[in-house]
Amino acid sequence: METNKNEAITSRDIDFAQWYTDVCRKAELMDYSSVKGFIIYRPYGYAIWEQIQNYLNQRFKSIGVQNVYMPLVIPESLFNKEKEHVEGFAPETLIATIGGKSKIDDPLIIRPTSEVLFCEHYAKIISSHRDLPKLYNQWCSVVRWEKTTRPFLRGSEFLWQEGHTIFATEEEARDNALGVLDIYDDLGKDLLAIPFVKGLKTDKERFAGARETYSIEALMHDGKALQSGTTHYFGTGFAEAFGIAFQGKDNILRHPHQASWGVSTRLIGSIIMVHGDDNGLVLPPHVAPIQIAIIPIQQNKDGILTKAEDIRQRLEKAGFRVIVDQSDRTPGWKYAEYEMKGVPLRLEIGPRDLEKGQVVIARRVDGKKEIVPDGEIEREVGRLLAEAHEEMYRKAQDFLKSHIVPVNSVAELKRVVDQGGYAKMMWCGSRECEDKVKDLTMATARCMPQGDQHHFGEKCAVCGAKAEKVVYFAKAY
RNA sequence: CGGGAUGUAGCGUAGCUUGGUAUCGCGUCUGCUUUGGGAGCAGAAGGCCGCAGGUUCAAAUCCUGUCAUCCCGACCA
């Protein structure tokens, strides 16, 4: 069941939202299901997620994280234990009230996040300082009954990882939250070719139940920000609510400190909207499920397919993800198809190439073609993929940097965010000023960035009081 | 959850005002010829007209409800 590729996708500049939807469907990343907000992750889209999982599993394990799996459902009575947390999620929970044919007395919440399940478990298994720390993570899906949904960006169900860690001291827990934030930042640099702004969330934007929330924020091509991952320091609030305590070496009973952190399939949305162009998806080489698509030209002629297959095997042996498209579509059709799907490199092999002992390699990121001698294919593919990653990261970083603009008034801020990008503002830290900006401009405080807290003014750009923080505002998804 | 739009074959659509059993293009299948930027010819298959009620001799068409998708707001990864 192929969809029709002949119709051009909507141009980004004409209708960015429509372009996004077109790419999601025509690149075969997902399909809609019959229930609002629940999407089908098709093989090509899921394979991108698997690359992200592989990277993070490796990084998580290097800091001592263990994978676990918690139940899908949470009894409502358990969920209600931490007050702020409940209030944060209550409006968007899906609840099961019937089991078999009988009514369930304590209704079961389909997890919107699993804090309370981890806490309940931790309360049982932690009693001594010897039981700490615990660094658990789970890969699962969660359900939040969303009003507006968009593929990958906001779904009623989405896939994610949620890490829930617990430590003896505040310092360790906060270090964990910050350390994983750095891992997420590396994920952007190493895998996704996406530069993030990372920093501390304002109190208003903080996660329900957390003491501190940190986030990585990506800037989409249309100038809107997308929160792409969060980490939280919880303090001892959950531990107190759930009765988690440990006896220290000093024989005193204490509550441990917790952190949690997660990224979701929303990252796929980030990849699409940061790198994509009017020809479709552009995948960063390290997440691309297919890194090289080999297109045989006049494939019925002697030796062409044999050569293509030989090259495929050589590249696979060298560690690349590669396919040969032997279907009987025309070469032009295949070019367009793999461009739509964002495959980083296309390798053409035809009679002329065979004769001269060479191939043609075209890069998705800029369309440039190179002629490569047969004997150098493995090496050149490695170089071209590395260059493509660098090029994509550099382009995204240039775009990000040129869209962070310091402002000294709400009027200036509005101009910046209306045009697209981050307005960088000095802020007194009050909720009133934050709310006022949102009311007047539709922009929200994305974060107070790490590494960009150099004060460039004395006064809050909203109220004129003494400025405490540098904060970035943007319109967000 | 408010405002607007739309659901007809895998995709895009005509038909709806004025009820009579669904049009066209692409895709799919078969065969031959093709192949360096979305191939050509010939033949074929494919439809609970989103779903559920109602009106009627008769409903894609009229009425009611419902579900989903898209866009714009309010709320959130």
Side-chain angles (χ1 to χ4, degrees), chain A residues 1-10 15-22 24-26 28 31-39 88-93 112-113 141-162 184 201 204-205 207-208 213 215-218 225-232 260-270 279-280 295-301 304-305 325-340 346-354 359-360 362 367 369 371 438-439 442 444 475-477:
Chain A
M1 300 300 167
E2 288 292 309
T3 49
N4 180 14
K5 301 302 188 321
N6 287 338
E7 290 203 18
I9 58 173
T10 309
D15 185 344
F16 193 74
Q18 190 58 51
W19 169 85
Y20 178 78
T21 309
D22 286 350
C24 284
R25 300 199 66 184
K26 293 187 176 165
E28 296 177 355
D31 198 2
Y32 293 105
S33 78
S34 52
V35 185
K36 176 186 169 66
F38 291 78
I39 61 166
F89 283 100
E92 50 186 38
T93 50
T113 176
S141 74
V142 288
V143 170
R144 301 180 186 179
W145 208 248
E146 295 288 350
K147 289 161 184 170
T148 358
T149 59
R150 301 187 65 190
F152 302 120
L153 300 179
R154 170 158 296 103
S156 297
E157 180 188 26
F158 57 91
L159 308 182
W160 77 347
Q161 58 70 215
E162 47 177 329
Y184 290 161
K201 285 282 191 187
K204 177 186 165 80
E205 301 287 330
F207 178 77
T213 291
S215 74
I216 48 167
E217 306 275 336
L226 181 66
Q227 179 175 308
S228 302
T230 50
T231 73
H232 316 283
S260 87
W261 25 269
V263 293
S264 71
T265 38
R266 182 180 259 193
L267 287 172
I268 297 171
S270 267
N279 291 322
I295 313 296
I297 314 286
Q298 295 188 34
Q299 61 190 17
N300 294 331
K301 294 225 167 117
I304 296 288
L305 278 182
D325 187 340
Q326 305 190 13
S327 69
D328 58 4
R329 324 216 70 135
T330 62
W333 190 93
K334 293 175 186 175
Y335 296 172
E337 169 73 2
Y338 293 105
E339 276 163 20
M340 170 77 72
R346 176 180 76 236
L347 191 154
E348 303 169 15
I349 170 85
R352 296 206 292 269
D353 302 308
L354 199 60
V359 297
V360 175
K369 284 190 178 186
I371 292 171
K438 190 179 177 185
D439 289 345
M442 306 287 301
T444 50
K475 292 186 183 175
Y477 275 95

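Within every chain, numbering begins at 1; the chains are lettered A, B, ... in the order of the sequence lines, protein sequences first and strands thereafter. Side chains are part of it too, since the values below use all heavy atoms of this structure and drop only hydrogens, waters and symmetry mates. No experiment lies behind these values; they were computed from the predicted model shown.
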Discussion item. Using 0.5 Å steps for rounding, measure from the CD1 atom of A/Ile349 to the CD1 atom of A/Ile297.
Written reply: 9.0 Å
Discussion item. Taking B/rC48 as the reference, what is the distance to B/rU61 when you measure between their P atoms (whole Å, please)?
Written reply: 16 Å
Fill in: C1'-based separation of B/rA59 from B/rU17 [nearest Å]
15 Å
Worksheet item: How would you label the contact of A/Asp328 with the nucleic acid (heavy atoms, under 4.0 Å): base, sugar-phosphate, or nothing?
Response: nothing
Practice prompt. Return no unless some side-chain N or O of A/Thr330 is found under 4.0 Å from OP1 or OP2 of B/rA39.
Written response: yes
Worksheet item: Nearest-Å distance, NZ (A/Lys334) to C1' (B/rG38)?
Response: 12 Å
Fill in: A/Phe152 side, atom CZ; A/Ile268 side, atom CD1 - distance, nearest 0.5 Å
4.5 Å
Worksheet item: Is the distance from OP1 or OP2 of B/rG38 to the nearest side-chain N or O of A/Tyr338 less than 4.0 Å?
Response: no
Worksheet entry | B/rA52 versus B/rC67 - spacing of their P atoms, nearest Å | 15 Å
Fill in: Length of the CD1-P vector between A/Ile39 and B/rA68, whole Å
16 Å
Fill in: Which nucleotide in B/rU69, B/rG37, B/rG36 has an atom nearest any side-chain atom of A/Tyr32
B/rU69
Discussion item. If I take atom CH2 from residue A/Trp145 and atom OG1 from residue A/Thr93, how far apart are they, to the nearest 0.5 angstrom?
Written reply: 10.5 Å
Practice prompt. With P as the reference atom in both, quote the distance from B/rC62 to B/rC49 in angstrom, rounded to an integer.
Written response: 16 Å
Practice prompt. Please state how far atom CH2 in A/Trp333 lies from atom C1' in B/rG38, giving the value in whole angstrom units.
Written response: 8 Å
Practice prompt. Check the distance between B/rG36's C1' and A/Ile297's CD1 and give it to me in whole angstrom.
Written response: 5 Å
Worksheet, complete the sentence: Against the side chain of A/Arg352, the closest entry in B/rG36, B/rU35, B/rC70 is B/rG36
Item to complete: State whether A/Glu348 and A/Lys369 are salt-bridged, where the test is any N-O pair (Lys NZ or Arg NE/NH1/NH2 against Asp/Glu carboxylate O) under 4.0 Å.
Response: yes
Worksheet entry | A/Glu217 and A/Lys201, any side-chain heavy atoms less than 4.5 Å apart | yes
Worksheet item: With a 4.0 Å cut-off on heavy atoms, is A/Pro296 in touch with a base, just the backbone sugar-phosphate, or nothing at all?
Response: nothing
Worksheet item: Whole Å only: how far is the CE atom of A/Met340 from the C1' atom of B/rC11?
Response: 13 Å
Practice prompt. If B/rU35 has a Watson-Crick or G-U wobble mate with both distances under 3.5 Å, name it; if not, just say none.
Written response: none
Discussion item. Are there over 12 heavy-atom neighbours, none belonging to A/Asp328, within less than 6.0 Å of that residue's CG?
Written reply: no
Practice prompt. Provide the distance between the two C1' atoms, one in B/rC16 and one in B/rA22, to the nearest whole Å.
Written response: 12 Å
Item to complete: Figure out the CG/P separation between A/Asn300 and B/rG31, and round it to whole Å.
Response: 14 Å
Worksheet item: How do A/Val35 and A/Gly350 order along RNA chain B: which one's closest nucleotide is nearer the 5' end?
Response: A/Gly350
Worksheet item: In whole angstroms, how far is the C1' atom of B/rG37 from the CZ atom of A/Arg329?
Response: 15 Å
Fill in: Nucleotide paired to B/rC51 in any strand shown, Watson-Crick or G-U, under 3.5 Å
B/rG65
Worksheet item: With a 3.5 Å cut-off and just heavy-atom distances, do the side chain of A/Glu339 and the base of B/rG37 make a donor-acceptor pair?
Response: yes
Worksheet item: Applying a 3.5 Å limit to both distances, which nucleotide forms a Watson-Crick or G-U wobble pair with B/rC57?
Response: B/rG20
Discussion item. Can you check the distance between B/rU13 and B/rC71, where both ends of the measurement are the P atom (answer in whole Å)?
Written reply: 15 Å
Discussion item. Nearest 0.5 Å, please: how far is CZ in A/Arg144 from CZ in A/Phe89?
Written reply: 4.0 Å
Fill in: Six-ring centre of A/Tyr335, A/Arg346 cation under 6.0 angstrom, axis tolerance 45°
yes
Worksheet item: Please give, in whole Å, the distance from B/rA68 C1' to A/Asp31 CG?
Response: 13 Å
Discussion item. Counting the atoms with a prime plus P, OP1 and OP2 as sugar-phosphate, which does A/Gly37 contact under 4.0 Å by heavy atoms, base, sugar-phosphate, or nothing?
Written reply: sugar-phosphate
Worksheet item: Roughly how far, to the nearest 0.5 Å, is CZ of A/Arg154 from NZ of A/Lys147?
Response: 11.5 Å
Discussion item. What's the gap between B/rA60 and B/rA14 when it is taken at their C1' atoms, as a whole Å value?
Written reply: 12 Å
Practice prompt. Determine the contact category for A/Val142: base if any of its heavy atoms lies under 4.0 Å from a base atom, sugar-phosphate if only primed atoms, P, OP1 or OP2 are that close, otherwise nothing.
Written response: nothing
Worksheet item: In Å and rounded to the nearest 0.5 Å, what is the CG to CG distance from A/Leu267 to A/Leu226?
Response: 8.5 Å
Discussion item. Base contacts versus sugar-phosphate-only contacts with protein, heavy atoms under 4.0 Å: please encode nucleotides 71-77 of chain B as B, S and - from 5' to 3'.
Written reply: S-BBSBB
Discussion item. Counting only side-chain heavy atoms from C-beta out, which of B/rG36, B/rG38, B/rC70 sits nearest to A/Pro151?
Written reply: B/rC70
Worksheet item: B/rG50 and B/rA45: how far apart are their P atoms, nearest whole angstrom?
Response: 24 Å
Worksheet item: So which nucleotide does B/rU28 pair with, by the Watson-Crick or G-U wobble rule with both distances under 3.5 Å?
Response: B/rA44
Worksheet entry | Who pairs with B/rG2 - Watson-Crick or G-U, where each distance is under 3.5 Å | B/rC72
